[in-house]
Amino acid sequence: MNLTKVFIVGGYGTVGSQIAKILHDRHPTLELLLGGRSAGKPLPFASTRLKPFLLDISKSDPLAHAPDDLTLIISAVNDPDDTLLLAAVRRQIPLIDVTRWTERFSRSIERLKNENLGSPVTLASGWMGGTVALLASIHTATLQDVQIHLHALYSMQDKAGPDSTDYMDRMTIPFTVTTPTGVKEVTPMSDPVAVTFPNGFHTKCYRLDTPDHMTLVKAQNVTTADFRIAFDHKLSTFALVSLVKSRIWNLLGKRTRQKILYNPGAGSPHHVVIQINGRNLHGVKVKRQVEITDPKGQTHLTALGAAIFAQSILRQSENATVVPGILFPEDFGHFEMTADDILQFYRSEGVQIVIHDETKKE
């Protein structure tokens, strides 16, 4: 049997190893190459379909010695100079990336405009591998004048990869969000909104810069999108907000800031609340709340985000229906997935998704 080769760069890491396990268990025809810089590192789990592959992403062409029959590359590690991104694009190998924060996300898109795209590049760097934006999109697809508010509860006991600190360590850099009256500049850890999460924890959430608020408003029916976060320890949230507002955060060295942000635990459920306001086809105001809980935590939910897009690319490769171009999580129509397909995928992996439609109550 000929195996389909998928290369997971960062495949030994907290997220990459979970992507490998999910794809391994769901697809018996896959051979998974795990890319890492260190030789002799033990594989995250035993399988004859799991292979190590030495790779240094700092090289100008990280894929110089990679097999030439790769069907898909998944990047679960920071690619600061886009070397992996460009190497994949120039070989016309489909790529999924879950690591870019907004600034690098935008820079990569600009850089890709100068490339001849012959394969899909899926930039799934929104919260939890694009899972939150994907689920927000499927619940707003039939609405108009949509406002989307995303809220995440960051557990202090949850696992996290070291690259996650780079993703969050931009607390003093203003960013822009789209509102019904236009684009405005906001600052991180500002404009608190009180939210009750699925586990009953009630707290104030604060603005954070993620690609979600940039990509969600690309849909013509969405007028605003924003993202807020809180820790599951109110004193920690208060301390971080105080450090940022007082500008003491600016005075701290990067190592100190990373130490504050990166204290991973053994694992804890991850909770997200998506609040949606809009109008249906009859002009009636619609108010929905989508509650997401992954009992296996944020890294597992990120891995599922990569895996669901990987499945679609693999299926399209088999059917020779792969379409080149830059794709975002919200482009689920391009991935040939229905809303039911998406919900069934996450629920089959243990993710709890509850939808409250307040419109009916009103």
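Inter-residue side-chain proximity for I353 and V290 is flagged as met; some heavy-atom pair is nearer than 4.5 Å. Proximity of L343 to L135: side-chain heavy atoms (C-beta onward) are separated by under 4.5 Å at one or more points. With contacts defined as side-chain heavy-atom distances shorter than 4.5 Å, the pair P188/T172 does not qualify. Taking the side chain as every heavy atom from C-beta outward, I109 and M214 approach each other to under 4.5 Å. With contacts defined as side-chain heavy-atom distances shorter than 4.5 Å, the pair L33/P67 qualifies. Between Y346 and L304, some side-chain heavy-atom pair lies under the 4.5 Å cut-off. When side chains are defined from C-beta on, R49 counts as touching L30, because their heavy atoms get closer than 4.5 Å. Contact check for V89 versus L95: no side-chain heavy atoms found under the 4.5 Å cut-off.
Judged purely by distance below 3.5 Å, without hydrogens or angles, the side chains of D340 and T338 never pair a donor atom with an acceptor atom. D226 and H149 are linked by a side-chain donor-acceptor pair at a separation below 3.5 angstrom, with hydrogens and angles left out of the test. Using modelled atom types, one finds no donor on one side chain facing an acceptor on the other under 3.5 Å when comparing D145 with T223. Remark: the T83 side chain and the D81 side chain contain no N/O donor-acceptor pair separated by less than 3.5 Å.
Crowding of R37 atom CZ: a count of heavy atoms from other residues, nucleotides or ligands under 6.0 Å not exceeding 12. The local environment of CD in E336 is crowded, with over 12 non-hydrogen atoms from other residues, nucleotides or ligands closer than 6.0 Å. Open room surrounds CZ on F238; 12 or fewer heavy atoms of other groups in view lie less than 6.0 Å from it. The number of heavy-atom neighbours closer than 6.0 Å to NE2 of H65, taken from other residues, nucleotides and ligands shown, is 12 or below. Counted within 6.0 Å of CD on E185, heavy atoms from surrounding residues, nucleotides or ligands total more than 12; the atom is thus considered enclosed.
Residues L134 and V217 are members of one and the same hydrophobic cluster, defined by side-chain heavy-atom contacts under 4.5 angstrom among Ile, Leu, Val, Met, Phe, Trp and Tyr. No single ILVMFWY cluster, assembled from side-chain heavy atoms under 4.5 Å apart, contains both V323 and I308. Under the 4.5 Å side-chain heavy-atom criterion for grouping Ile, Leu, Val, Met, Phe, Trp and Tyr, F227 is not connected to L153 through any hydrophobic cluster. Taken together through direct or relayed side-chain contacts under 4.5 Å among Ile, Leu, Val, Met, Phe, Trp and Tyr, V351 and F197 form parts of separate hydrophobic clusters. Each of I276 and V273 belongs to its own hydrophobic cluster when Ile, Leu, Val, Met, Phe, Trp and Tyr are linked at side-chain heavy-atom distances under 4.5 angstrom.
The shortest heavy-atom contact between I313 and V322 is O-CG2, 4.1 Å. Looking at every heavy atom in both residues, L34 comes nearest to P44 through CD1-CD, 3.4 Å. Of all heavy-atom pairs spanning L72 and P94, the tightest one is CD1-O, 3.4 Å. Taking every heavy atom of both residues into account, Y12 and P52 meet most closely at OH-CB, 3.1 Å.
The backbone N or O of F231 sits less than 3.5 Å from a side-chain atom of T237, completing a donor-acceptor pair. Between the side chain of N221 and the backbone N or O of T140 there is at least one donor-acceptor pair closer than 3.5 Å. For S155 (side chain) and Q157 (main-chain N/O), a donor-acceptor pair under 3.5 Å exists by modelled atom type. Remark: side-chain polar atoms of R207 are not paired, donor with acceptor, to backbone N or O of V186 under 3.5 angstrom.
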Let me see the working for R107 and D82 under salt bridge (Lys or Arg N to Asp or Glu O under 4.0 Å), right down to the final yes or no. CA-CA 9 Å; R107 188 192 68 190; D82 293 332; 3.7 Å; yes

As a quick check of understanding, evaluate side chain to side chain contact (heavy atoms under 4.5 Å, CB included) for M171 and L243, giving each step before the final call. CA-CA 10 Å; M171 296 296 181; L243 286 171; over 6 Å; no

Pair R315-E318, salt bridge (Lys or Arg N to Asp or Glu O under 4.0 Å): steps then yes or no: CA-CA 5 Å; R315 185 170 58 250; E318 289 177 1; over 6 Å; no

Report the C-alpha separation of Q311 and H27 in whole Å, then their side-chain angles, then the decisive distance to 0.1 Å, and conclude whether the side chain to side chain contact (heavy atoms under 4.5 Å, CB included) test is met. CA-CA 9 Å; Q311 290 193 156; H27 299 276; 3.0 Å; yes

If you apply the rule side chain to side chain contact (heavy atoms under 4.5 Å, CB included), what do you find for H213 with T178, and how did you get there? CA-CA 8 Å; H213 59 73; T178 301; over 6 Å; no

Going through the checks in order, is the side chain to side chain contact (heavy atoms under 4.5 Å, CB included) test met by I148 and I274? CA-CA 7 Å; I148 302 174; I274 304 171; 4.1 Å; yes

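Both the sub-6.0 Å distance and the 45° axial angle are satisfied by K234 relative to the ring of F201.
Put simply, the residue from K21, R26, K296 that forms a salt bridge (charged side-chain N to carboxylate O under 4.0 Å, His left out) with E349 is R26. The residue from I57, V9, D68, L55 that alone fulfils the side-chain contact (heavy atoms from CB on, under 4.5 Å) condition with L63 is L55.
Comment: D79 engages R100 in a salt bridge, judged by a side-chain N to carboxylate O separation of less than 4.0 angstrom.
Rounding to the nearest 0.5 Å gives a distance of 12.0 Å between NZ of K287 and NE2 of H356. Distance check, rounded to the nearest 0.5 Å: CD of Q275 to CD of Q147 gives 11.0 Å.
Between F105 and F328, the angle of the ring planes lies from 30° to 60°, which puts this pair in the tilted group. Aromatic ring pairs are classed by plane angle as parallel below 30°, tilted from 30° to 60° and perpendicular above 60°; the pair H270 and W127 is tilted.
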